[in-house]
Amino acid sequence: MTKDRRYGNFSLLTSFGLLLLFLCQRVSLAAVHHQRISGSAGDVLEDNPVGRLKVFVYELPSKYNKKWLEKDPRCLTHMFAAEEFVHDFLLASPVRTMNPEEADWFYTPVYTTCDLTPNGLPLPFKSPRMMRSAISYISTHWPFWNRTEGGDHFFVVPHDFGACFHYQEEKAIERGVLPLLKRSTLVQTFGQNHHVCLKEGSIVVPPYAPPEKMQSRFIPPSTPRSIFVYFRGLFYDVGNDPEGGYYARGARAAVWENFKDNPLFDISTQHPSTYYEDMQRAIFCLCPLGWAPWSPRLVEGVIFGCIPVIIADDIVLPFADAIPWEKIGVFVAEKDVPNLDKILSLISPEEVLEKQRLLANPAMKQAMLFSQPTLPGDAFHQILNGLARKLPHDPQIYLKPGQTVLNWTEGPAGDLKPW
Amino acid sequence: MKKVTGSSHRLARMRSKNRSGFNSEQASETSSRLMPVSHFRVFIQCMFCIGTLILGFRLTTESSFLKASFQNPEASFTRISARTDSSASTGTESQFDLQLRREFANGSKGSRLAYNGTIVHSSGGVRVDVGRHAILIRPWPHPDPFEVLHAHHLIKRVQLEQQQLYGSKESKPIIAITTTFVRTFQAVHLTGLLHTLSVIPVPVTWIVMEAGGVTNETAHFLSLAHVHRLLHLGFDIPMPAGLNERSKLEAQMRVEGLRYVQKEKLEGVVVFADEGNIHSLEFFTEAQKVEWVGAVSVGLLGFAGFEESPQSGIVHVHDGRVEARGNHILLAARQAAAAPRFEPQVQGPACDSNGNLIGWHIFDPLPLEGEVHKGMRAAQNRRLEWANFVLNARAVWKTEGNQPEWIRSWDEWANPEDGSTPDIKAIVRSDQWVKVLGNCGRKVLLWWLRAEARADSKHPNKWILDESLEIIVPAKSTPWPRRPVRRAAPPPPAPAGGTGMKHGAGSRVSSGKVRRPKRKQDQTNVS
């Protein structure tokens with residue numbers, strides 16, 4: 001009897017001790033700054049692409065790239081500036097090779113988004129012809145395009161709808177991806193599932209946001225986050241869609257109409273000078289779609305630790321195979337927008353803290369930025385990692401000599417004019 | 001939900017789809033189990049269509065209205081969360097939840113995807129939909145109180161985590177000593193202070209010393225404070241009018257407060273939270289670092305002029321308020337416009353490059369020229385304010401304090417034999433033992449707002465009018481003389497470049513020409 005009791009006491013003690021150990025672990029986990037990120041492709045955010053691939057950069061005449069910059073230097077600061085910065089990065093990168101025979105990937109530096117209106121918005125009307133002209137240049141001056149018809153080439157097309165080269169979704173869908181780019185890999189900001197303008201195998205990158213501008217505006221992290229939901233931007237695009245319903249598929253207007261009186265929602269069209277500071281004092285930042293589903297708000301939210309609430313059906317977010325966005329952001333369907341406050345307030349605190357921990361991971365913040373000078377793990381390296389993950393090339397992309405797959409006369413007649 | 005456009009038929013289908021969207025989410029976990037539910041949905045759809053055709057009005061609208069009014073609107077969501085409880089760990093909860101939504105979305109939309117390059121102009125439904133969409137508006141969009149409560153719990157938890165991760169590890173209780181007396185601007189100053197003290201994360205003991213005895217009015221304000229412990233003590237001597245006497249009385253009141261700390265042997269950090277001061281919460285976290293005696297920098301807000309004051313001696317100090325005299329206003333304005341530098345006055349410790357205390361910055365409010373009012377010279381008393389210092393409560397204990405020998409004992413400094421005003425700086429024998437806080441005094445963590453109403457101004461008790469006023473006279477001219485105040489500090493220059501008078505559209509700014517009424521308006525707008 002006593003032996004049993006002693007055994008019972010002993011087992012009780014061990015279980016109590018184990019419980020205590022478990023609790024201690026939980027407690028120590030409670031005050032952890034950040035958490036490791038691993039996406040569907042594994043723990044690849046911090047991979048180093050050097051040595052895993054080689055990129056050859058074509059030397060195009062300056063009319064395709066430098067002339068545009070000289071004409072309008074605003075191209076280096078707007079949200080499509082990724083094409084210029086990727087070019088600069090590759091020219092100086094250790095993955096660049098001067099010997100095209102050993103290259104895995106070929107890069108064509110053509111700045112299709114640099115034809116700006118006086119207001120600063122890019123006009124895509126000449127872009128298809130410019131791209132065709134560039135491709136015909138490289139196909140005549142080097143043999144590598146004809147070898148695969150672009151299967152091992154990649155292009156950076158950061159415009160609204162990528163290689164569809166139009167800012168209006170209807171027209172972009174009509175045009176579709178430029179036929180000559182059908183076999184190439186596209187690096188673009190646009191990403192939406194089951195959409196013509198997102199080609200299979202494209203690499204989705206974040207829009208360009210100037211890193212210095214954001215990193216100079218940090219406030220102490222102990223500043224308590226007191227804003228529940230934050231958003232600054234248009235709800236109705238009065239110039240192009242005064243009645244509402246086209247812009248953002250009515251989602252932004254729904255946000256405004258439902259939550260303009262809600263004190264938990266700090267939403268407005270007025271852009272304050274403390275925009276970045278306010279984001280750091282907010283828990284959730286809305287990232288609804290606009291005319292295109294992506295926006296720089298995602299990047300800003302990640303940098304400033306504000307959980308992005310993504311309201312864009314079927315959107316494909318940047319580096320989706322490396323970053324598990326479902327764990328980091330909150331996805332709300334456009335039809336659920338009227339219930340947004342319910343959805344957000346019913347998220348459990350543990351989940352919110354977990355998301356904040358993932359966002360606090362410096363690798364995460366680094367991956368969203370096109371840092372100048374380049375740092376390990378930044379967006380440039382993530383692009384290279386993405387390209388490296390696609391290696392080795394499928395041997396089917398190599399065409400037999402004389403075989404052609406692309407139809408050079410395909411596409412609207414206006415595109416076929418030389419540039 | 002109310003939709004903006006669409007025929008009743010399409011609406012009925014969409015509405016039932018939306019409603020039964022929740023039903024199907026509730027009913028099944030996998031997409032395979034959606035099949036029997038979709039039959040049910042179609043059936044309901046048909047019934048509503050037939051009913052609509054027969055009855056002639058939108059049956060679905062009424063039914064959904066009835067359903068919403070009787071049903072607990074949270075039911076659908078709680079059911080989703082209940083389901084996710086069944087999954088094992090918290091980490092997969094959100095993934096599961098969102099996977100469910102996406103599966104459903106893919107399931108319903110994928111099956112109807114017939115996209116091969118055509119554009120569909122319809123509202124809702126097919127994937128690539130570039131037509132005009134309905135703007136979905138909830139019938140009762142006002143916030144639900146339970147959701148607001150949840151949201152506030154969330155905010156509180158996030159802030160707690162932030163404090164644990166990034167806040168200071170020490171949490172000594174704060175003992176705030178404040179002196180006050182009933183006057184017009186008491187409400188302004190005291191309300192600001194009480195809200196600041198209510199949100200400090202550590203326990204706060206607030207000792208309020210009131211000159212003229214305890215009054216109901218002050219008690220009314222203090223009842224709004226959420227502090228750990230509130231002590232409202234009265235001091236029988238009423239607050240005098242002159243600045244010099246006021247500061248003396250305030251010093252005595254603070255000593256009384258410290259005597260209370262000593263008597264009750266309170267533990268923590270003593271801060272002198274004056275009424276007119278604006279504290280940043282960082283001040284209270286910085287104050288935690290004090291070992292025995294600490295010094296902080298106090299900035300000055302309000303019209304006190306600058307050290308390099310204008311030659312003509314235009315500005316005077318009278319009861320803490322700045323007035324500009326007569327027709328020198330134009331000269332003052334021109335001078336202000338000419339020298340657009342804005343230098344905030346800061347009083348506090350001065351350090352050398354190693355971070356050691358080598359002296360003190362003390363501001364001299366004004367050189368007095370021209371008219372001098374009695375009792376005004378004391379404003380230049382070149383003493384540091386009590387607010388500049390932060391103490392460890394044990395420093396004022398009589399026994400068991402274990403104070404180091406460089407802290408004077410209570411009897412030495414608090415009751416000076418010659419009857420002079422006790423000075424807080426006298427608590428240490430030499431300056432070298434004072435710990436400088438706030439990045440060696442460079443960070444200004446609290447601001448002294450020197451703004452007071454005139455001593456003879458009237459205000460209703462507790463700022464509440466119990467009965468309506470018997471006689472109402474429009475105030476075209478105020479009983480006291482208009483004294484347009486000289487702008488002592490031009491605001492920081494606007495990006496469009498300015499002569500310092502930043503204002504919205506409609507102010508014509510030309511240097512050297514100032515219109516008096518406009519400036520007064522400017523004052524109230526910008527400040």
Side-chain angles (χ1 to χ4, degrees), chain A residues 30-33 168-170 173-174 176 192-196 220-226 228 243-246 249-251 253-254 257-259 261-264 283 313-314 324 326-327 330-331 333-339 341-356, chain B residues 1 4-5 18 21 73-74 77-78 81 90-91 93-95 98-99 101-102 105-106 109-110 113 115 117 119 123-124 127-138 141-144 146-159 161-168 281-282 285:
Chain A
V32 148
H33 278 252
Q168 265 193 10
E169 192 169 3
E170 283 184 48
I173 294 171
E174 250 183 74
Q192 190 173 321
N193 274 326
H194 305 279
H195 197 282
V196 188
S222 55
T223 314
R225 287 187 188 263
S226 46
F228 192 59
E243 294 161 7
Y246 272 107
R249 297 200 272 269
E257 298 299 337
N258 283 300
F259 302 112
D261 298 325
N262 193 322
L264 292 171
I283 299 181
D313 287 345
D314 294 319
E326 319 80 40
K327 283 205 211 129
V330 179
F331 288 78
E334 286 166 32
K335 66 170 174 47
D336 287 332
V337 164
N339 294 326
D341 56 350
K342 191 185 296 230
I343 297 172
L344 292 180
S345 56
L346 288 180
I347 299 180
S348 70
E350 291 78 30
E351 215 178 298
V352 168
L353 292 177
E354 165 121 5
K355 289 184 200 280
Q356 287 189 327
Chain B
M1 288 190 262
V4 178
T5 59
N18 275 325
E74 274 183 278
F77 278 90
T78 50
S81 54
T90 56
E93 247 180 78
S94 63
Q95 245 181 340
L98 293 157
Q99 229 171 28
R101 252 179 246 158
R102 249 190 291 145
N106 281 341
K109 291 195 179 160
L113 182 69
Y115 183 69
I119 305 158
S123 24
R127 178 62 46 76
V128 182
D129 190 355
V130 292
R132 179 177 295 285
H133 291 253
I135 300 172
L136 307 173
I137 301 177
R138 260 192 332 211
H142 293 250
D144 179 89
F146 291 108
E147 288 162 21
V148 174
L149 196 65
H150 276 288
H152 280 286
H153 279 315
L154 200 63
I155 296 175
K156 198 164 168 177
R157 181 67 187 87
V158 166
Q159 288 183 357
E161 183 76 11
Q162 269 185 291
Q163 229 234 317
Q164 280 175 354
L165 285 176
Y166 306 112
S168 69
L281 286 181
E282 259 190 273
T285 50

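- Residue A/Val337 does not touch chain B at all, counting heavy-atom pairs closer than 4.5 Å.
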- Item | Pair B/Glu161-A/Gln356, side-chain contact (heavy atoms from CB on, under 4.5 Å): steps then yes or no | CA-CA 10 Å; B/Glu161 183 76 11; A/Gln356 287 189 327; 5.6 Å; no

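- Looking at B/Asp144, its side chain never comes within 3.5 Å of a backbone N or O of A/Lys342 through a donor-acceptor pair.
- Among residues two or more places apart in sequence or in another chain, the side-chain hydrogen bond (donor to acceptor under 3.5 Å, both in side chains) test is passed with A/Thr223 by none.
- Between the side chain of A/Asn258 and the backbone N or O of B/Leu136 there is at least one donor-acceptor pair closer than 3.5 Å.
- Rounding to the nearest 0.5 Å places CD of B/Gln159 at 7.0 Å from CD1 of A/Ile283.
- Contact count versus chain B (heavy atoms, under 4.5 Å) is highest, among A/Pro220, A/Pro221, A/Ala254, for A/Pro221.
- Contact of A/Pro324 with chain B is not made at all, since no heavy-atom distance falls under 4.5 Å.
- Nearest heavy atoms, A/Phe228 versus B/Ala151: CZ-CB, 3.7 Å.
- Distance CZ/B/Arg138 to CG/A/Asp341: 4.5 Å, rounded to 0.5 Å.
- The contact between B/His152 and chain A is made entirely by side chain atoms (from C-beta outward), counting heavy-atom distances below 4.5 Å.
- When all heavy atoms of B/Leu154 and A/Pro349 are compared, the closest pair comes out as CD1-CA, 3.5 Å.
- Neither the backbone nor the side chain of B/Gln163 has a heavy atom closer than 4.5 Å to any heavy atom of chain A.
- In this structure a side-chain-to-backbone donor-acceptor pair under 3.5 Å is present from B/Arg132 to A/Gly244.
- In plain terms, the two heavy atoms of A/Gly250 and B/Ile135 that are nearest each other are O-CG2, 4.1 Å.
- Within the 3.5 Å criterion, the main-chain N or O of A/Arg225 finds a donor-acceptor partner in the side chain of B/Gln162.
- Atom OG in A/Ser345 sits 6.5 Å away from atom NE2 in B/His150 (nearest 0.5 Å).
- Listed by chain and residue number, A/Arg249 satisfy the side-chain hydrogen bond (donor to acceptor under 3.5 Å, both in side chains) test with A/Glu334 (two or more places apart in sequence, or in another chain).
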